Number of protein chains: 2
Amino acid sequence: MNIDKNSLIPFYLQIEQQLTEKISSNEIKPGDAIPTEAALCEIYGVSRMTARKAVDYLVRQGRVARFRGRGTFVIDNSNEHKTVLPLDRHFTSTEIAHELNQTIENRVLEFRKVKAEPDIAELLNLQADAQVYFMVRLRFLDNKPFVFEKSWMLYEPFPDLSREALTDSKYAYLREKGFTPAGSNKHISAELPSNKIRQSLDLSRDEPILHARSVAYFTDMMPFEVADIYYNQRYFSFSLKAQCEKE
Amino acid sequence: MNIDKNSLIPFYLQIEQQLTEKISSNEIKPGDAIPTEAALCEIYGVSRMTARKAVDYLVRQGRVARFRGRGTFVIDNSNEHKTVLPLDRHFTSTEIAHELNQTIENRVLEFRKVKAEPDIAELLNLQADAQVYFMVRLRFLDNKPFVFEKSWMLYEPFPDLSREALTDSKYAYLREKGFTPAGSNKHISAELPSNKIRQSLDLSRDEPILHARSVAYFTDMMPFEVADIYYNQRYFSFSLKAQCEKE
DNA sequence: GAGTGGTCTAGACCACTAA
DNA sequence: TAGTGGTCTAGACCACTCT
């Protein structure tokens, strides 16, 4: 319950470690408040900026959440109550919503034709500057936003793609047109969200988020869509199956 | 090149947005230094703490890296030079190392028998307090740390498991014993690393990391290992394939 | 030695919450 | 109204790098 002011370890790190210890050991339980910033200054004999910096790290690690006017509280990080969504299945959100008996909603934030940037064009096997659709969708499961999705899709075979089709089901539209999506390759990373994505997904500025750059293809292996997908891990947990051998 | 001091948007956010814009538009290119903290104070007419806070966010987003005594530089975040490792294959690191003609090294940091905590016991279909192996490994591909792995494994069928077997290849050991790993289920999340993991993987304190809670099972679907795996996305990029339909 | 980022202080004013 | 976190200032000393 004290810091060593002669230590090489910065004050804020020492304070963070002690708070972490108290949370891990359940001395401060999920739902409980940690000491207020003023209290931390008092307890450890540091300035408020230093106390805040210690708490900053706990916030970023997702251990606590701050509420102005109320206090800073320990978060229950267990996945127990989160809905599990598979990362290794594609175009199945509608199915999953059915299985779970939950509603699904697609909100189309942007939809227009653009010239493909070089990296997108290359992934789609197009000439640079070819026309593609660009769309941004925010998707809700049970009224909770679960993905923010920017995507670039082939224009040629789908000249009549509409906002309505995207609001309904992109998968259904493609099948109607006689194309069968086969799957996608994804590259997964952990990132901090931009402001726009953070706000859309109803996240705090400081929590990291899962990001996938996905390239989807038809059964003939023709790529038809490149997407940047951001997954909301606040209410959802994302799973995948790994196999030992290639088939 | 100026901030609005009457805006409701905090100064540090305005500065961050302007820097982000300059980096995105390539006005400041990868490898270039952004203005020093003193310069930012001068340019925007703010105190140093405010200027630093703006840069803090860029650091966390992985856009820039700070070097004491030298400056703060824009990072090249393209995946072009990263080695791609599949998340949806299990126990294949040795194979992959072979394919890439790179070395693999497993450093065993801890290895002992412990009583299984309730959550681990449940996942392994054991009684609470049953004996299990607990091990921590740091694994290197081409001398770069690519995963930090804490795992709990069945003790019963493997009374002679040794540090040496873990240093060599866990997969090979299991097959020798007549057990055939079939795959694993993983839950993926984005997190900020603890100090220990950060140091092991040679990361900065501020970059988010991919985490998987994995449950591995044999061909008869018997679970044999629970693992917390942390993936280093600094030198590696992690991929997976998604299918459209269940088989 | 000059310049960089890393840490820290002791204040300040503000917006929001709860009693 | 009292207490909380959110932002901000104008300094300070330090460790490190580069020349």
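Numbered from 1 within each chain, the chains take letters A, B, ... in sequence-line order. What you see is a predicted model, and the numbers here were worked out from it, not measured in a lab.
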Identify, with sequence neighbours excluded, every residue that meets side-chain hydrogen bond (donor to acceptor under 3.5 Å, both in side chains) alongside A:Y230. none
Below 4.0 Å: OP1/OP2 of C:dC8 and any side-chain N or O of A:Y12: no
Going by the rule salt bridge (Lys or Arg N to Asp or Glu O under 4.0 Å), which residues pair with A:E110 if we only count those two or more places apart in sequence or in a different chain? A:R112, A:K196
Looking only at side-chain N and O atoms, does A:T50 come under 4.0 Å of OP1 or OP2 in C:dT9? yes
Contact under 4.0 Å: B:T72 side-chain N or O vs C:dG5 OP1/OP2: yes
Residues in salt bridge (Lys or Arg N to Asp or Glu O under 4.0 Å) contact with A:R234, at least two apart in sequence or another chain: A:E207
Would you indicate what A:V46 reaches in the nucleic acid, counting non-hydrogen atoms under 4.0 angstrom: base, sugar-phosphate, or nothing? sugar-phosphate
Could you write nucleotides 11-19 of chain C as a row of B, S and -, 5' to 3', where a protein heavy atom under 4.0 Å of any base atom gives B, of only sugar-phosphate atoms gives S, and otherwise -? -B--BBBS-
Taking salt bridge (Lys or Arg N to Asp or Glu O under 4.0 Å) as the test, write out the residues that go with A:R63, two or more places apart. none
Comparing nearest nucleotides in DNA chain C, the 5'-proximal residue of the pair A:A51, B:R66 is B:R66
Parallel, tilted or perpendicular: which one describes the rings of B:Y12 and B:Y57, with boundaries at 30° and 60°? parallel
Could you list the residues that satisfy side-chain hydrogen bond (donor to acceptor under 3.5 Å, both in side chains) with A:E225, not counting sequence neighbours? A:S151, A:K170
Below 4.0 Å: OP1/OP2 of C:dC8 and any side-chain N or O of A:K53: no
Within the pair B:T36 and C:dT4, is there a side-chain N or O less than 4.0 Å away from OP1 or OP2? yes
Minimum-distance nucleotide (side-chain atoms of B:E37 versus C:dT9, C:dG5, D:dT9): C:dG5
